[in-house]
2 protein chains.
Amino acid sequence: MTESLDVTDWAILTEVQRDGRIPFTELARRVNLSASATKERVRRLEEAEVITGYRAEVNPERTGYPVMAVVRLKYPGPGTRHQPLRRLLEERAEILECLRTTGDDCYVMKVAATSMAHLEEIVDELAEFGSTTTNLVLSRTLPLRGPGVPRVNTVR
Amino acid sequence: MTESLDVTDWAILTEVQRDGRIPFTELARRVNLSASATKERVRRLEEAEVITGYRAEVNPERTGYPVMAVVRLKYPGPGTRHQPLRRLLEERAEILECLRTTGDDCYVMKVAATSMAHLEEIVDELAEFGSTTTNLVLSRTLPLRGPGVPRVNTVR
DNA sequence: ACTGAAAAGCAGTAGGG
DNA sequence: CCCTACTGCTTTTCAGT
């Protein structure tokens, strides 16, 4: 599951997590390699699914979604009927992230809404599956963060 | 706070959230504009902080962080001593995201760890601030998601 | 606000150590 | 696994509409 990542790979990962649009020539300079060697490493990282994609980060507050909430969902019974929830996740792009967890709550979700009424609508849909707990998000660390180099580094 | 985004802006946002490294020439074709007009629009979206950056998405499981958890933190008193927590967030890149919320728990965090022992270490550090609730993440929707076009669209 | 064209810079590939 | 060199595209800028 875990790949062998050397110091150069981690340097690449650090840079592309910070700036996903960095040109290979500039990235190559930063990691002290030629452009083609850098490109090959990035290709391998993508192939190994270490890098799973590149995304522009869009601020929900500036795009008409001023309300953010954490909604936790508790299934009542031994629910193997998780399929309808999957479908809701597909349809509702407002559910930005959904984590299935251990513990009392089966799912923890991060939801963006255009208004409190809109949030209520989404929570109502989720409440059809089980009992929900909703907390509004007051502020957040802008997630320009990802995994960093582990303290005990893997040596190739 | 919210900018006026027309249909073309949303088309751009949709594309760059899906592929953050899409060339302007290709993006221009998709939104039926010239490359330079597209670039100008993207520049404005960046300037208005609608687009806050571009990130490579790195899979924690493939980079030596197989353990993920949601940690909720409850402050005991009327804590205005949130500053030490801020510092911990800076230092600990393993805390991928931290949301300050309403409700019983002040903070909800998403944490990546190299092992259960490592997670314990982080939780211990957080427990110095208040009482914590930790839930392991079993699975998650890969967050290739972001805000989409609201149903009631803003017209410029 | 958009287009089109030109210069500079970058990506992708081949050949070789 | 790395390098250099070459070719064709992409980015960036700017004059014109």
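Everything quoted here is computed from the prediction, not taken from an experiment. Here is how names work: the chains are called A, B, and so on, in the same order as the sequence lines, proteins then strands, and each is numbered from 1.
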Exercise for review: Specify the separation, in whole Å, of atom CZ of B:R29 and atom C1' of D:dT10.
Suggested key: 10 Å
Point to revise | Residue B:E120 excluded, over 12 heavy atoms near CD under 6.0 Å | key: no
Review point. Which whole-number value in Å describes the distance from A:L45 CG to D:dC1 C1'?
Key: 14 Å
Check your understanding: Would you say C:dA11 has OP1 or OP2 under 4.0 Å from some side-chain N or O of A:S36?
Key -> no
Practice item. Find the distance A:I22:CD1 to C:dC10:P and express it as a whole number of Å. Key: 11 Å
Review point. Quick one: A:R43 CZ to C:dT13 P, roughly how many Å, whole number?
Key: 10 Å
Practice item. Please check if the side chain of B:T132 supplies one atom and the backbone of B:L73 the other of a donor-acceptor pair under 3.5 Å. Key: no
**Study point:** Geometric cation-pi criterion, B:R21 with A:F24: 6.0 Å, 45°
**Key:** yes
Revision key, fill the gap. B:L33 CG to D:dT10 C1', in whole Å, measures 17 Å
Exercise for review: Go through D:dC2, D:dC1, C:dG12 for me and flag the one nearest to the A:R44 side chain.
Suggested key: D:dC1
Review point. When all nucleic acid strands are considered with a 4.0 Å heavy-atom cut-off, which category describes B:A37: base, sugar-phosphate, or nothing?
Key: base
Exercise for review: Please assess A:Y54 against A:E46 for the test side chain to side chain donor-acceptor pair (under 3.5 Å), listing each intermediate value before the final yes or no.
Suggested key: CA-CA 10 Å; A:Y54 302 88; A:E46 288 168 353; 2.6 Å; yes
Study note, to complete from the structure: Between CZ of B:F24 and P of C:dA8 the distance, given in whole Å, is 20 Å
Point to revise | Spacing between B:E26 atom CD and D:dC9 atom C1', to the nearest angstrom | key: 13 Å
**Study point:** Integer-rounded Å distance: D:dT12 P and B:K39 NZ
**Key:** 4 Å
**Study point:** DNA chain D: 5'-proximal contact among A:R21 and A:A35 (nearest heavy atom)
**Key:** A:A35
Review point. Taking only side-chain nitrogens and oxygens of B:R41, does any of them come within less than 4.0 Å of OP1 or OP2 of C:dC2?
Key: yes
Practice item. Apply side-chain contact (heavy atoms from CB on, under 4.5 Å) to the pair A:T141 and B:L89, showing each step before the final yes or no. Key: CA-CA 9 Å; A:T141 57; B:L89 293 179; 3.9 Å; yes
Check your understanding: What is the nucleic acid contact for A:S34, judged by heavy atoms within less than 4.0 Å: base, sugar-phosphate only, or nothing?
Key -> base
